[in-house]
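Just so it is clear, the structure is predicted and the values come from calculations on it, not from any experiment. Residue numbers start from 1 in every chain, and the chains themselves are labelled A, B, ... in the order their sequence lines are given, proteins ahead of strands.
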There are 2 protein chains.
Amino acid sequence: MSKIKETSTNFANKQALADECPEAYAANIIGGQWALVICSWLFNGKLRFGELRKLLPNITERMLTLQLRKLEEHKIVKRTVYAEVPPRVEYELTAIGYELKPIIKQLEEWGAKHKAQNIK
Amino acid sequence: MSKIKETSTNFANKQALADECPEAYAANIIGGQWALVICSWLFNGKLRFGELRKLLPNITERMLTLQLRKLEEHKIVKRTVYAEVPPRVEYELTAIGYELKPIIKQLEEWGAKHKAQNIK
DNA sequence: CTCATTACTTACATTTTTTATAGTACCTTA
DNA sequence: TAAGGTACTATAAAAAATGTAAGTAATGAG
């Protein structure tokens, strides 16, 4: 997140994978440390920057900004700025972003099941 | 991939997230650069190390090893070594690993749809 | 004896991601 | 005049992930 080096092997590999594997392409989009959790909260409706920050107690403002920007860039979330003082900015999922809901829900169920199996 | 620093903020954050969000927990497990693609190939049946390497032309042996080890550690794949020379090692999905199939398939579909929307 | 095969391992370098800390602009209220 | 709230940005550093290149063990074929 920040500038990526478009001459690196890593970049080339990601491109190649994303080209031929839609699942890798998807993983690149929703693959940050906090992206899935941000989306999970947004499934319930729009939230302000500060609300998200409170919901994710350990996230730094910088990371929250970066992840939101990335999600916005990929058209997963929509950002709306209200010209008020103090500023108000709301984030909400787009249609395609909302379509992740069932997938993430299943991933949640799988995760819970896996955890239950492996913890004991 | 190698030693993680258990005193880092990053480690603490991952732990905390994984504790309360099964989707983050799941993402940690299947979240390497190549993990999803490896699983995708294994959905069709067991494969040898060398076969996987050929299917993933750009992966290095080191990365393939690391990702397989991680998947094995999390009981997503099962590793079987045949005491032959030259050695033969086969990888196959476990039951819980196989349960990822429908989820990854949906993620693929989502990815393809998203790509179609955003490329034009 | 030498070479080929297979599935790795190791040491090291580079790139990417995440965290830490300190600002900024704007207006409102006290 | 000063403080406060909101949503950021800039810069640096730490940590994690990935890549590069070389080497290993065992054995059978030639």
Side-chain angles (χ1 to χ4, degrees), chain A residues 1-17 24 27-38 46-54 56-70 72 77 79-91, chain B residues 1-17 24 27-38 46-72 77 79-91:
Chain A
M1 219 89 68
S2 60
K3 333 95 217 255
I4 41 181
K5 203 163 191 179
E6 308 207 348
T7 54
S8 71
T9 306
N10 185 278
F11 178 79
N13 282 347
K14 269 196 181 127
Q15 286 280 91
L17 266 182
N28 282 341
I29 293 179
I30 55 169
Q33 167 100 82
W34 307 88
L36 281 184
V37 184
I38 292 174
K46 56 177 67 168
L47 287 169
R48 298 181 58 174
F49 184 89
E51 291 174 321
L52 278 168
R53 189 187 43 200
K54 271 165 215 148
L56 278 36
N58 298 314
I59 201 170
T60 60
E61 299 196 332
R62 175 175 149 79
M63 275 314 288
L64 184 52
T65 302
L66 284 175
Q67 301 267 343
L68 285 169
R69 287 287 187 285
K70 183 179 168 193
E72 190 193 359
V77 307
R79 178 170 177 263
T80 310
V81 183
Y82 296 89
E84 305 171 355
V85 169
R88 179 160 62 101
V89 181
E90 285 183 344
Y91 293 92
Chain B
M1 217 87 75
S2 55
K3 333 97 217 244
I4 42 181
K5 204 162 189 178
E6 306 206 349
T7 55
S8 71
T9 305
N10 183 275
F11 179 78
N13 282 347
K14 272 199 180 122
Q15 288 279 92
L17 267 181
N28 282 341
I29 293 178
I30 55 170
Q33 169 99 83
W34 307 88
L36 280 184
V37 185
I38 291 173
K46 55 175 70 166
L47 287 169
R48 297 180 58 176
F49 184 88
E51 291 173 322
L52 279 168
R53 189 186 45 199
K54 272 165 213 147
L55 289 167
L56 278 36
N58 298 314
I59 202 172
T60 61
E61 298 195 333
R62 174 179 146 79
M63 279 313 291
L64 184 51
T65 302
L66 284 175
Q67 302 268 342
L68 285 169
R69 286 287 186 284
K70 184 179 168 194
L71 290 171
E72 190 194 357
V77 307
R79 178 169 176 263
T80 310
V81 184
Y82 296 88
E84 305 171 356
V85 169
R88 179 160 62 101
V89 180
E90 285 184 344
Y91 293 91

Apply side-chain hydrogen bond (donor to acceptor under 3.5 Å, both in side chains) to A/Glu84 and list each qualifying residue two or more places apart in sequence or on a separate chain. A/Arg88

Residue met sooner reading DNA chain D from 5', once A/Lys54 and B/Asn58 are mapped to nucleotides: A/Lys54

Interatomic distance, B/Tyr82 OH vs C/dA7 P [rounded to whole Å]: 12 Å

Can you give me the closest heavy-atom contact between B/Phe49 and B/Leu64, atom names plus distance? O-CD2, 3.7 Å

Could you identify which residues of residues 8-16 of chain B place a heavy atom less than 4.0 Å from some atom of DNA chain D, listed by residue number, or say none? B/Ser8, B/Asn10, B/Lys14

Rounded to whole Å, CG of A/Leu68 lies from P of D/dA7 at a distance of 11 Å

Can you find a donor-acceptor pair, distance only, under 3.5 Å between A/Arg48 side chain and D/dT6 base? no

Sorted by chain and residue number, the side-chain contact (heavy atoms from CB on, under 4.5 Å) partners of A/Ala27 (sequence neighbours excluded) come out as B/Leu36

Which heavy atom of A/Ala35 sits nearest to which heavy atom of A/Ile30, and what is that distance? CB-O, 3.6 Å

Can you tell me the distance, in whole Å, between the CG atom of A/Leu64 and the P atom of D/dT6? 14 Å

Let me have the donor-acceptor pairs involving side chains of residues 4-13 of chain B, under 3.5 Å, with sequence neighbours excluded, atom names and distances please.
| from | atom 1 | to | atom 2 | distance (Å) |
| --- | --- | --- | --- | --- |
| B/Ser8 | OG | B/Lys5 | O | 3.0 |
| B/Ser8 | OG | B/Phe11 | N | 3.0 |
| B/Asn10 | OD1 | B/Lys14 | NZ | 3.4 |
| B/Asn10 | ND2 | A/Gln33 | OE1 | 3.3 |

Contact under 4.0 Å: B/Gln67 side-chain N or O vs D/dT18 OP1/OP2: yes

Starting from C1' on C/dT15, measure out to CG on A/Asn28 and report it in whole angstrom. 15 Å

Distance, rounded to the nearest Å, where A/Leu47 contributes CG and D/dA7 contributes P: 11 Å

Expressed in angstrom and rounded to an integer, what is the separation of A/Trp34 atom CH2 from C/dT18 atom C1'? 10 Å

On the side chain of A/Arg62, is there an atom forming a donor-acceptor pair with the base of D/dT9 - under 3.5 Å, no angle test? no

What residues form a salt bridge (charged side-chain N to carboxylate O under 4.0 Å, His left out) with A/Arg53, not counting sequence neighbours? A/Glu61

Polar atoms only, N or O, under 3.5 Å: list the protein pairs with nucleotides 25-30 of chain D and their distances.
none

Under 4.0 Å between a side-chain N or O of B/Arg69 and OP1 or OP2 of C/dT9? yes

Looking across every strand, which nucleic acid part, if any, lies under 4.0 Å from A/Tyr91 by heavy atom: base, sugar-phosphate, or nothing? sugar-phosphate

